[in-house]
Amino acid sequence: MRYDKEILFVTKGARTYDELTGDYITMPAEKIVRSAHISDMGLEQMNLLYGKVVEQAKVVRIQGAGPVNFDYIEIGGD
C-alpha cells in the first residue's frame, strides 16, 4: 500500500480580542501535513454498511496516529 498522497489536518485559528484596536483578530489556521493512502469506498460496500447512501465517501489510511484535535481535513484542496 502506497502512502503517496498528502492530506492536511486543519485546525481553525482562534479569535482573540485586541484591546488596543478594539477588533477581533483571527489567528491563521494550523495545518499538519501527513502522507496517506486514499481510496474510494464502493457504493455496494456503503449500501451494505450504512443503507442507501447517495454521497461518495473516501477511505483515508495514514501510518501511525493522526492529530487528536482538528476541525477538518483537506484532500487535494477540497
Please tabulate, one pair per line, all N/O donor-acceptor pairs under 3.5 Å involving side-chain atoms of residues 3-19, not counting sequence neighbours.
unit_1	atom_1	unit_2	atom_2	d
Thr11	OG1	Asn69	O	3.4
Asp18	OD1	Leu20	N	3.2
Asp18	OD2	Thr21	OG1	3.3

Contacts under 3.5 angstrom, residues 27-39 side chains, donor-acceptor by atom type, not counting sequence neighbours:
unit_1	atom_1	unit_2	atom_2	d
Arg34	NH1	Ala65	O	2.9
Arg34	NH2	Gln63	O	2.5

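Taking the side chain to side chain donor-acceptor pair (under 3.5 Å) definition, one finds that Asp40 meets it with Lys58, sequence neighbours left out.
Grouped with Val68 in a hydrophobic cluster is no other residue, since no side-chain heavy-atom contact under 4.5 Å to another Ile, Leu, Val, Met, Phe, Trp or Tyr is found.
Note on Ile75 and Val59: separate hydrophobic clusters, where clusters join Ile, Leu, Val, Met, Phe, Trp and Tyr whose side-chain heavy atoms are under 4.5 Å apart, directly or indirectly.
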